There are 2 protein chains.
Amino acid sequence: MPRTSKKGPLYTTIYSQLRSEIFKGAFLPGEMLPSESQLCSEFQASRETVRKGLKELESEELIYSRPKIGYFVSTPRHSDFTVNFTEYIEGCTTQYKNIHGIFPDEQVQKALDIPPNQVVIEFEQLTINPEGAIIAYSKKYLPYERAHPSVESELNYAVFPEITMPKLDTFSLYTSIRISAVAADDSLAEIMQCSPGEPLLLVERFFIQQDEQLAGYALFYVKQPYGQLNGMSGHRL
Amino acid sequence: MPRTSKKGPLYTTIYSQLRSEIFKGAFLPGEMLPSESQLCSEFQASRETVRKGLKELESEELIYSRPKIGYFVSTPRHSDFTVNFTEYIEGCTTQYKNIHGIFPDEQVQKALDIPPNQVVIEFEQLTINPEGAIIAYSKKYLPYERAHPSVESELNYAVFPEITMPKLDTFSLYTSIRISAVAADDSLAEIMQCSPGEPLLLVERFFIQQDEQLAGYALFYVKQPYGQLNGMSGHRL
DNA sequence: GAGTGGTCTAGACCACATG
DNA sequence: ATGTGGTCTAGACCACTCT
């Protein structure tokens with residue numbers, strides 16, 4: 001006999017029905033679900049409709065399919081987290097400190113994989129909280145190219161993505177991130193107006209083109225407890 | 001005339017064909033793709049097959065559909081990162097320092113949302129690198145329940161997930177993470193054999209049940225540059 | 001009214017698993 | 001030999017948008 005149905009498209013009710021049964025524990029991780037044809041009978045649906053519901057569960061990674069065998073409930077992974085990072089911090093303002101061309105130091109050479117004599121554009125930025133205290137310091141590096149418009153004069157108020165994007169196919173870009181903790185050195189302490197040795201969260205980003213060329217390198221230092229990163233793993237809802 | 005095809009299922013070639021055209025810039029973000037029926041002609045495929053290819057692109061978030069209007073190329077988001085975190089660190093070993101029941105301090109009370117008089121099980125663990133140096137220190141807290149077997153005696157060699165899992169519906173659990181930087185205080189410095197004030201990366205995890213009940217709280221302190229977190233955003237491949 | 005995507009069906013053929 | 005999932009088709013109806 002058909003299971004109780006709810007609303008909306010049929011494949012959606014199949015999806016959510018199975019989903020809730022999985023969460024209720026009716027099917028445990030590793031167990032096999034009923035076959036497609038059994039589900040067809042149970043839901044009075046065609047095979048493609050059933051498959052559509054199963055596909056949803058599959059792309060949610062709640063189940064997986066072993067071809068020619070059946071569908072199985074996944075064992076949850078709690079090691080991959082989705083983390084949101086933007087430089088924007090609630091209630092804070094941002095101001096440019098400096099924009100100019102420089103010869104890269106060793107760290108930047110390594111990050112962008114360029115020789116010491118290739119000019120890079122350096123963007124320095126400060127984030128200031130409502131009380132006027134500096135809470136974050138950001139440095140970004142962009143390899144300089146002749147084709148690029150005169151950055152210093154034109155782009156003082158542009159933000160990094162708006163500068164890098166135009167010269168790239170928008171989709172040729174992905175970003176790699178590295179998160180670490182550092183102690184403020186004397187130079188950082190002066191810029192950020194804190195004590196040398198104060199622990200800072202450091203978020204580095206590498207902007208990468210389709211051809212694996214590095215299009216930009218960004219460092220973001222933030223005083224604690226500001227700018228802590230949050231994320232989720234597993235199945236929400 | 002049909003576009004050049006490659007191999008495998010038809011919907012896969014539709015998918016990868018469109019995908020590569022998007023990456024090549026043939027369709028820019030915000031632009032509309034050819035309609036389903038146009039794609040049917042171009043690929044000599046049925047509508048459902050074309051839709052299957054489009055669905056792949058959609059779940060990859062490369063395109064989105066505006067119902068009754070058409071499919072559009074997405075504007076990439078570079079703010080959501082997929083970060084992998086496990087306590088395991090390449091080449092290092094792990095050893096238990098302590099497992100026992102305690103009354104929670106304020107931090108743990110807050111994290112687990114429990115009263116001061118509810119016993120929690122505390123697990124302490126050290127990670128040691130090949131040279132024998134302590135590089136990470138982990139603390140985990142689990143609300144104690146009568147139903148639970150005698151933890152101290154039985155579970156000395158079990159790992160945290162294996163302890164928490166059995167008493168939960170496996171899927172009733174998701175994990176929330178918080179990443180920050182801290183300076184080692186005197187107590188941490190002694191445990192981790194480092195100088196007070198040394199910057200440490202702190203990864204906190206909250207294990208959450210389906211009913212929003214907190215099933216566990218974990219802290220992971222790691223010396224730098226060990227255990228830095230890495231992630232990706234955007235479209236790989 | 002013509003075109004669009006969203007849903008659904010009832011078939012079909014295939015390659016592979018298991019007994 | 002039977003059952004499974006993987007692919008594919010040729011229709012169908014709907015609700016909506018655009019003009």
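The chains referred to below are lettered A, B, ... by the order of the sequence lines, with proteins before strands, and numbering in each begins at 1. Nothing here was measured: the structure is a model prediction, and the numbers come from that model.
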For Glu56(B) and dG6(D), give me the distance from atom CD to atom P, rounded to whole Å. 12 Å
Side chains of Met32(B) and Ile69(B): does their closest heavy-atom pair fall under 4.5 Å? yes
What residue pairs, at least two apart or across chains, pass salt bridge (Lys or Arg N to Asp or Glu O under 4.0 Å) with a residue in residues 220-234 of chain A? none
Run the salt bridge (charged side-chain N to carboxylate O under 4.0 Å, His left out) test against Glu36(A) and tell me which residues pass, sequence neighbours left out. Arg47(A), Arg51(A)
Do Arg66(A) and Phe72(A) meet the cation-pi criteria used here (NZ or CZ under 6.0 Å from the six-membered ring centre, within 45° of the axis)? yes
Should Tyr64(B) be listed as having a side-chain N or O under 4.0 Å from OP1 or OP2 of dG5(C)? no
Heavy atoms of Glu61(A) and Ser74(A) approach each other most closely as O-OG, 3.2 Å
Rounded to whole Å, the NZ-C1' distance (Lys55(A) to dG6(D)) equals 11 Å
Quick one: is dT4(D) close enough that its OP1 or OP2 comes under 4.0 Å of any side-chain N or O from Ser35(A)? yes
Are Leu229(A) and Leu229(B) close enough that some pair of their side-chain heavy atoms sits under 4.5 Å apart? no
Give, for atom OH of Tyr141(A) and atom CG of Leu112(A), the distance between the pair rounded to the nearest 0.5 Å. 9.5 Å
Using whole Å, what does the distance between atom P of nucleotide dG5(C) and atom CG of Leu54(B) come to? 8 Å
Ion pair present between Glu122(B) and Lys97(B), side-chain N to carboxylate O less than 4.0 angstrom? no
Identify all pairs in which a protein N or O lies below 3.5 Å from an N or O of nucleotides 16-19 of chain C, and state each distance.
{"residue": "dC16(C)", "atom": "O4'", "partner": "Lys68(A)", "partner atom": "NZ", "Å": "3.1"}

Provide a list of protein-nucleic acid N or O atom pairs under 3.5 angstrom, restricted to nucleotides 7-11 of chain C.
{"residue": "dT7(C)", "atom": "OP1", "partner": "Tyr11(A)", "partner atom": "OH", "Å": "3.0"}
{"residue": "dT7(C)", "atom": "OP2", "partner": "Tyr11(A)", "partner atom": "OH", "Å": "3.1"}
{"residue": "dT7(C)", "atom": "O4", "partner": "Arg47(B)", "partner atom": "NH1", "Å": "3.4"}
{"residue": "dC8(C)", "atom": "OP1", "partner": "Leu10(A)", "partner atom": "N", "Å": "2.3"}
{"residue": "dC8(C)", "atom": "OP2", "partner": "Leu10(A)", "partner atom": "N", "Å": "3.2"}
{"residue": "dC8(C)", "atom": "OP2", "partner": "Tyr11(A)", "partner atom": "N", "Å": "3.2"}
{"residue": "dC8(C)", "atom": "N4", "partner": "Glu48(B)", "partner atom": "OE2", "Å": "2.2"}
{"residue": "dT9(C)", "atom": "OP2", "partner": "Ser46(A)", "partner atom": "N", "Å": "2.8"}
{"residue": "dT9(C)", "atom": "OP2", "partner": "Ser46(A)", "partner atom": "OG", "Å": "3.0"}
{"residue": "dT9(C)", "atom": "OP2", "partner": "Thr49(A)", "partner atom": "OG1", "Å": "2.7"}

Sequence neighbours left out, what passes ring-ring contact (aromatic ring centres under 6.0 Å, His included) with Tyr71(A)? Give chain and number order. none
DNA chain C in dot-bracket, Watson-Crick or G-U pairs under 3.5 Å, [ ] crossing, | other strand? ||||||||||||||||.|.
Can you confirm whether Leu18(B) sits close enough to Leu54(B) that some side-chain heavy atom of one is under 4.5 Å from a side-chain heavy atom of the other? yes
Just verifying a value: how many Å separate Phe85(A) CZ and Ile179(B) CD1, rounded to the nearest 0.5 Å? 11.0 Å
Distance test, side-chain N/O of Ser37(A) to OP1/OP2 of dT4(D), below 4.0 Å: yes
